[in-house]
Amino acid sequence: MTSQIRFLMCAPNHYDVDYVINPWMEGNIHKSSQERAVEQWEQLHHILKEHAIVDLVPPQKGWPDMVFTANAGLILGNTVVLSRFLHKERQGEEPYFKQWFEENGYTVYELPKDLPFEGAGDALLDREGRWLWAGYGFRTELDSHPYLAKWLDIEVLSLRLIDERFYHLDTCFCPLANGYLLYYPPAFDSYSNRLIEMRVQKEKRIAIAEADAVNFACNAVNVDHIVVMNKASEALKARLADTGFQVIETPLTEFLKAGGAAKCLTLRVTEPVREELHANVSVESRIIRIEGHLLDSGLINRALDLITDNGGSFQVLNFLLGEQRQSTSAAEVKVSAPSHDVMESIISHLIDLGAVDLPQDERDAKLEPVTQAGVAPDDFYVSTIYPTEVRIKGEWVKVQNQRMDGAIAITQSPKGLTAQCKILRDLEVGESVVVDVQGIRTIRKTESREQRNAQEFSFMSAGVSSERRVELVVEQVAWELRKIRDAGGKVAVTAGPVVIHTGGGEHLAQLIREGYVQALLGGNAIAVHDIEQAMMGTSLGVDMKRGVAVRGGHRHHLKVINTIRRYGSIAKAVEARVINSGVMYECVRNGIPFCLAGSIRDDGPLPDTEMDLIKAQTEYARLLKSADMILMLSSMLHSIGVGNMTPAGVKMVCVDINPAVVTKLSDRGSVESVGVVTDVGLFLSLLVQQLQKLTSPYTAKVS
Ligand code: ARG
């Protein structure tokens, strides 16, 4: 009893598991023994009295969890921030704790109503007093952290809890003397783990295993070299002994049934202030506004989930519900994030959903000059496929060349100001680039359910269809292709060699011949295999009619490459009647432009294959310009490349036997893209058949 350290405890006279507000309490209602609880509590009390002074707050009938004094509030020096319990089951404890603090000379700060904060259960001082670790995610709201920083004048490091078993910071995190830290890393998100690792050097971090964590080993009381806890494995005891700590185990199993142990049952009321340190809080908040069919389309759920999934928290400030089915709703949401980085990533995701950053509404986008050609300033805004506008000198300017993963470059010319998406390598000195996330908005069509259903691509809206829906999709695609062709529109096709192997070559050739395709994008292989089939009847040495490997056939494709190289190009080989059918033949014959982008594994390559990938990308982009629809046929590489270059609004049909490819491509969050998981040869044959059906009544009439 040498130290001046004091703890506050509350005797378990009225303790019981009476309700369920954390996973530990489940199945334990009235299952704890009063007698054993008293015994265990007294044992803890006894141990602590040997190392510190213990004050007592009178227990209150009807408030069974009041034994957990850690949740009374957070103390630093003479100041206390009173808890605001999340659950009404515990809110009644607040006035009793408040009274005790006031009677004992503390200045009591109270948080705004509806801003939950659960005291020292969720806020732990570094034992050297350098900063405050504050938890959020279950009981405490991130927005309370800035208040802690302000009132206690201390730096606050926010940690996000993600495992509901460890719902309070003190259940999985325990700062120890000499800068040591006992903790259970999986209870935190990765950002928080990084923060911990940045502040506590490796030798000082004692990460515990799950078996110890569920015994509440982190819920420990540390006085100098003593660490009091419910239970510790031999390994943990040894580990702590190595660093100079002595574990005192004292069973607290009756309290575990309510989700608490040693630390929860105590509140350290003497926490010296370090005068030289001051507040510093990195929690940021912003208000965003989002409009549309928020409920109907699930947009609001997506927006709110996105905020928490990315480590932020939110408060819906107001929600104006559209009164009629066709009217839109609007919501204003306050978003908080533990740091500027996290905030930026959340806001840019929200912008993708069509939200606007409210105060930013009146602020211009931030621009920074390009100082090195082909390199953007740090922190540049990464563009998406959605129509975007940036606010410059008070005006919203539409961004041109919308594409994914570019920077938004601003150029000022006598004709005026232009904003356009550019890939990094195309940035030029003299341009400015939009940085940060302010003054940017994306225009998202938010259709109501009815409007969506009225659209042709609706039934497959941004979904992946299964086999049995293939025919339905084919019908829709055929109809769409007809419409585009008749209107003089543009369809681009990306295709992989699988088109040929699966027997789809003749059908694709037919589509080209009949004017349904205006550009073809692929690699070396599709052309090689197509020509091999045209010249030798095999594809990679397999006889396409009989489906069997031809002797020596594996050399066919090299012979083909060699022949075309002799002629100098595919077109010249067609001219010389060396190639008389197939996909490439039809392209040449019908003047359909194609681009074959090379890769490291190409044999040959064909003289037409563009091995300079920068040139190939540029050519792809040129051929894709103002396309109305893109058919992506079994080529992950080329299809994803194309997807990135294509703004929202272009209909994309992705056909692949591999669902992963289809999901990746159709998951652009736009209604216009659709995935079909099926054999591409089958798809093409059905498509051609369907187009014939569309044609025949018409042909019948003329004849
Ligand atoms: N049953 C209490 C609750 O769920 C347990 C509190 C434990 N306290 C703590 N500081 N972790 O609120």
Side-chain angles (χ1 to χ4, degrees), residues 423 425 492-505 508-509 512 517 519-542 544 549-550 552-574 576 578-579 581-588 592-624 630-645 654-658 661 664-665 680-681:
I423 39 182
R425 64 167 180 262
V493 172
T494 64
V498 178
V499 169
I500 311 297
H501 306 322
T502 55
L508 180 55
I512 298 170
V517 178
L520 179 73
L521 310 170
N524 192 60
I526 169 124
V528 172
H529 296 231
D530 168 65
I531 299 169
E532 178 188 334
Q533 203 199 337
M535 289 172 55
M536 323 186 84
T538 58
S539 175
L540 256 193
V542 172
M544 290 304 290
V550 175
H554 66 281
R555 278 190 229 108
H556 282 185
H557 79 283
L558 287 169
K559 292 187 174 167
V560 162
I561 292 169
N562 193 47
T563 308
I564 307 302
R565 290 184 68 84
R566 178 171 303 122
Y567 283 91
S569 74
I570 297 174
K572 286 193 183 133
V574 169
V578 174
I579 310 172
S581 65
V583 173
M584 300 317 296
Y585 169 83
E586 295 296 347
C587 282
V588 172
I592 301 304
F594 58 86
C595 177
L596 307 176
S599 80
I600 192 81
R601 57 174 293 192
D602 287 344
D603 287 323
L606 291 169
D608 302 73
T609 300
E610 180 55 75
M611 297 306 280
D612 179 337
L613 278 182
I614 294 192
K615 281 196 192 146
Q617 280 188 347
T618 311
E619 185 59 6
Y620 262 47
R622 192 182 71 81
L623 291 178
L624 286 165
I630 302 173
L631 278 181
M632 301 175 156
L633 307 174
S634 291
S635 167
M636 174 154 80
L637 192 65
H638 299 99
S639 301
I640 292 175
V642 163
N644 293 346
M645 299 177 186
C654 173
V655 186
D656 206 298
I657 196 76
N658 178 355
V661 175
K664 184 159 171 56
L665 272 151
V680 69

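Excluded from the calculations below are hydrogen atoms, water molecules and symmetry mates; all remaining heavy atoms, backbone and side chain alike, are included.
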May I ask you to decide if G522's main-chain N or O and Y620's side chain share a donor-acceptor pair within less than 3.5 Å?
yes

Is the backbone of G541 close enough, under 3.5 Å, to the side chain of R555 for a donor and an acceptor to pair up by distance?
no

Do the non-hydrogen side-chain atoms of F594 and V583 ever get within less than 4.5 Å of each other?
no

In terms of heavy-atom contacts, I561 and G604 come closest through CG2-CA, 3.6 Å

From I526 atom CD1 to T609 atom OG1, the distance as rounded to the nearest 0.5 Å
11.5 Å

Taking only residues two or more places apart in sequence, or in another chain, which ones meet H556 in a ring-ring contact (aromatic ring centres under 6.0 Å, His included)?
none

CD1 of I564 to CD of E532: how many Å apart, nearest 0.5 Å?
11.5 Å

Any side-chain heavy atom of V655 sitting closer than 4.5 Å to one from L631?
no

Using every non-hydrogen atom in the two residues, find where P497 and A525 come nearest and quote the distance to one decimal.
CG-CB, 3.7 Å

To the nearest 0.5 Å, what is the distance between OG1 (T563) and CE (M536)?
7.5 Å

So how far is it from I579 CD1 to E586 CD, rounded to the nearest 0.5 Å?
11.5 Å

Nearest atoms (heavy-atom pairs only) where L596 meets G523
CD2-O, 3.4 Å

Indicate yes or no for a side-chain donor-acceptor contact from D530 to the backbone of M584 under 3.5 Å, with no hydrogens or angles considered.
yes

Atom OG in S539, atom CD1 in I500: separation rounded to 0.5 Å?
6.5 Å

Might you point out which heavy atoms bring A495 and S635 nearest each other, and give the distance in Å?
C-CB, 3.9 Å

Would you call the rings of H529 and H501 parallel, tilted or perpendicular, where under 30° means parallel and over 60° means perpendicular?
perpendicular

With rounding to the nearest 0.5 angstrom, report the CG to CZ distance, D608 to R565.
10.5 Å

Is the backbone N or O of S599 less than 3.5 Å from a side-chain atom of N524, with the two atoms forming a donor-acceptor pair by type?
no

How about I657 and S634: do any of their side-chain heavy atoms sit closer than 4.5 Å?
no

Take atom CZ in R601; do more than 12 heavy atoms of anything else shown fall under 6.0 Å from it?
no

Pair V528, D602 - check side chain to side chain contact (heavy atoms under 4.5 Å, CB included), show working.
CA-CA 10 Å; V528 172; D602 287 344; over 6 Å; no

Using the rule given for side chain to side chain donor-acceptor pair (under 3.5 Å), can you reason through T494 versus S639, listing the C-alpha separation, both sets of side-chain angles and the distance that settles it, and then say yes or no?
CA-CA 6 Å; T494 64; S639 301; 3.2 Å; yes

Might you point out which heavy atoms bring I570 and A527 nearest each other, and give the distance in Å?
CD1-CB, 4.3 Å

Is there a side-chain contact between I512 and V493 in this structure, where contact means two heavy atoms from C-beta onward sitting under 4.5 Å apart?
no

